[in-house]
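What's counted below: heavy atoms across the whole structure, side chains too, no hydrogens, waters or symmetry copies. In each ligand, atom 1 is the first atom listed, and ligand 1 is the first ligand listed.
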Amino acid sequence: METTLTISRLSALRDRFAPEQDALLVAGPENRRYLSGFTAREENLTETCGLLLITRERAFLLTDFRYLEWARQEASSMEVLMYSQSLGTTLAGLLKDLQVRVLGFEGTYLTYRQYQRLAKAVAEAGLSVDWQPVEGVVETLREGKTPEEVAAIRRALTLTEETLLEVAQTLTPGQTESQVAWEIERRLREKGAEGLAFPPIVAAGPNSARPHHQPGDYRLQEGEPIIIDMGARVAGYCADLTRTLILGPPDEHFRKIYSLVRQAQEQAEQGLRAGMDSQAADALAREALGAAGYGEAFGHSLGHGVGLAVHEAPSLSPHKDRATTLRAGSIVTVEPGIYLTGWGGVRLEDMVLLHEDRAEVLTKVGFYEW
Ligand code: ZN
Ligand code: ZN
């Protein structure tokens, strides 16, 4: 990563420090990558590839021997420190030297156990540090994408769309959901995705009434909806795409549900723009589905931000406690759905780039015109 980019991100972050705050401890993997350029990813919650300590003047990456070389290479604008005894001891030493008294930490990402250990080490070093949980600070910075980030997301989405078009050609009655999911995974990787943004969802027949479903042994059948939700990861950035397909001729019910979802999505995409309140954005599709009598059948948010994480800020949620103002340069999904237990569901998910006066639909692939 260019050092100038990291420096401008760090400076934007420091502008968001609370007045009394001396430093921020960054534990979120995508936040760490965004600020430092260090691309390592944790495989589980109980291990860390490293934490960042950002003060008003300096920026450190604390990691262990396994990641040292890698971190030094990528995080060129950070002072990379290796801890050998424990992260807590090294952190305590730093906080002491830097005279940090008020330390923000990411309550969303630092586990309770990690917090306990670090706080104990700091207290045992005789320091009096005020630990203050902060939420969403780096995430808010990540909302506005640079042209380079938009380009990476476009590449990830194009690759995802090409793969879906290919896989759609191969769908046949009798194939299991897991077989289709593997076909998606294999082709995404062969086409050059560095990985998956998330494990593909293939939900057929009655399983498509579950917005999230783990592909299993259920076999595709003619006349039943098949929801495919998938995304590639390219240069760290994710794509997120859902289409609902059907094998053989669709019946009236499927066409009706499909066209309601499609119209709701179109309506939302036409009305969406930066500066809008997230609840109002969600309502664009929710009101249309509600008016058609399917309000209850659309039980999730209209969409979410996509970037280094497949689900990130902002949330296009109907809930007041998550309300936010949408920003220009954000990339969000628009994914209305109708889910009917016992029958199945239809979801259509596009990605859009928000401008001041409109939403630019990035997703191109379409299957049906109803
Ligand atoms: Zn999504
Ligand atoms: Zn999705």
Looking at Asp217, I'd like to know if its CG atom is crowded, meaning that more than 12 non-hydrogen atoms belonging to other residues, nucleotides or ligands lie closer than 6.0 Å.
no

Asp240, N/O/S atom nearest the Zn ion (ligand 2):
OD1

Please find the N/O/S atom of Asp229 nearest to the Zn ion (ligand 2) and write down its name.
OD1

Between His304 and Glu312: side-chain donor-acceptor atoms closer than 3.5 Å:
no

Rounding to 10°, state the angle centred on the Zn ion (ligand 1) that links OE2 in Glu335 with OE2 in Glu349.
80°

Identify whether the distance between the nearest side-chain nitrogen and carboxylate oxygen of Arg56 and Asp22 falls below 4.0 Å.
no

Give a yes or no answer on whether the side chain of Arg262 reaches the backbone of Trp370 with a donor-acceptor pair at less than 3.5 Å.
yes

Atom name of the N, O or S atom in His304 that lies nearest to the Zn ion (ligand 1)
NE2

